[in-house]
Novice: 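The structure follows.
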Amino acid sequence: MTVIDLESYEDALATYDPVMGLEVHVELGTKTKMFCGCSTELKQDANSQTCPVCLGLPGALPVVNEIGVESAIKIGLALNCEIAEWCRFARKNYFYPDMPKNFQTSQYDEPIAFDGYLDVQLEDGEIFRVQIERAHMEEDTGKSTHVGGATGRIHGASHSLLDYNRAGIPLIEIVTKPIEGAGARAPEVAKAYVAELRELIKALGVSEARMEMGQMRCDVNLSLRPHGREAFGTRSETKNVNSLRSVERAARFEIQRHAAVLNSGGTIVQETRHFHEEDGSTTAGRIKDNAEDYRYFPEPDLVPVAPARDWVEELRRGLPELPRLRRARLKEEWGVSEHDMQSILNAGAVDLIVATAEAGAPADQARKWWMGELARNANETGRALDELGVTPGQVARVAELVAKGDLNDKLARQVLEGVLAGEGDPDAVVEKRGLKVVSDEGALSTAVDEAIAANAAIADKIRGGKVAAAGALVGAVMKATRGQADAARVRELILEKLGVEG
Ligand SMILES: [Zn+2]
């Protein structure tokens, strides 16, 4: 492995302005492929979902998937783009074994959507507008597996296997205009943009946009130019970055690498780069071709796409509430600060809290459990909240048991712990672990009497009017009942018995 020199981030920014271009590929959730009727539901058996069209057999004729076009228009509209009145597909010619036609059906100078923007919110609440160049339709390639080598890479492999199940799956590629002026915040802008785009795609219902499953991936183009200069520097293109954190790290690494190369008098090579999760570095891929090398030409086998204006307007009217506006509304409804809303968003808890509230819990309770106990567990186990195996319905049930007085907070935490451990629904955990609040007044009364007797000095203080001291007695009773008493009721009893008004 070659050692790559890096400039310190601060020094890099002291000399240069980063300019980024982000290209995001989104795999659409259509039932069938973009140009044939093959299923997109990837099965285990390689090449089981193929036909003459997606295998590129001679004479096979493609047909455009209407839902694919509709999804592209929805994305374009949500990104404030113009929708083309007429556009064509184009052949992007290059040879690669996982692309059986030897060209990718894409769009070139006639994208279906163009000239839009997406406002993204940075961590301090500032809004940064990212201009969108275009969103176009294309198809995915197949998948190569290199066998026989130690690394799984083609180098050292004895042979390669090809699976064309993925070939022809519809993709939308969304390309930004050059993102300038972000300065030191460029990596943060990149991450926030991809995060916002992912929320948008999910809200539109056109894809689940799961980055870890490759349903959404980002190419990070980056170049540096000295402060005050207009012309862009040479860019590198870090390919297929597949998590939000990695997008940020890749941008940051490339800023530091470019600066080191430029400062040492070197030149940046226009190339693709591979991103490495382990250490956040990038390494050289292939020298990047220019568009003319692909010999694009209009696809003669497909009719042009000319979406009727009334259809476009109907789709516009049907757009869901956009994520940023929805977040603003929820922030208002929940009465939380900008900072708290940002934490909820970063934790991926917005939809979970909404779903928990829909399942019957007050929103503040839903928020409390997801952002408290469950977020802590997610952090500790390195998982996302929606991967914990706890459902909004279960959290709502815990909140309900607390509201009914069957559980106190401490017991509720133990119930969630049980649910997390796979012990079943909240009620089953309560049953199995015997986690009911002691509501038997007789038993409570005895425990309170004992606590008062054992803490006579404190009891005297309370009698003397120092009501705040009751906390110590409540603590003693809670301890004696192993946390299974209703603390509020215990406090009432203590004050009652000592003849003090709460
Ligand atoms: Zn097919």
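Counting starts at 1 for both ligands and their atoms, following the listed order.
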Novice: Show all protein N/O/S atoms under 2.8 Å from the Zn ion (ligand 1), or state that there are none.
Specialist: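 Metal shell, protein only: C36 SG, C38 SG, C51 SG, C54 SG.
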Novice: Side chains of T145 and D163: do they bring a donor and an acceptor to under 3.5 Å?
Specialist: no
Novice: May I have the step-by-step check of side chain to side chain donor-acceptor pair (under 3.5 Å) for R235 and N221, ending in yes or no?
Specialist: CA-CA 6 Å; R235 70 176 194 276; N221 290 280; 3.2 Å; yes
Novice: Counting only pairs under 3.5 Å, give me each side-chain donor-acceptor contact of residues 203-212, with atom names and distances, residues two or more places apart or in other chains.
Specialist:
unit_1	atom_1	unit_2	atom_2	d
S207	OG	E27	O	2.8
S207	OG	A209	N	2.9
R210	NE	E212	OE2	2.8
R210	NH2	E212	OE2	3.3

Novice: Can you find a pair of side-chain heavy atoms, one from K202 and one from M216, that are under 4.5 Å apart?
Specialist: no
Novice: Would you call the rings of Y296 and Y108 parallel, tilted or perpendicular, where under 30° means parallel and over 60° means perpendicular?
Specialist: parallel
Novice: Apply the side-chain hydrogen bond (donor to acceptor under 3.5 Å, both in side chains) test between E139 and each candidate in Q104, K101, R166; give the one that qualifies.
Specialist: K101
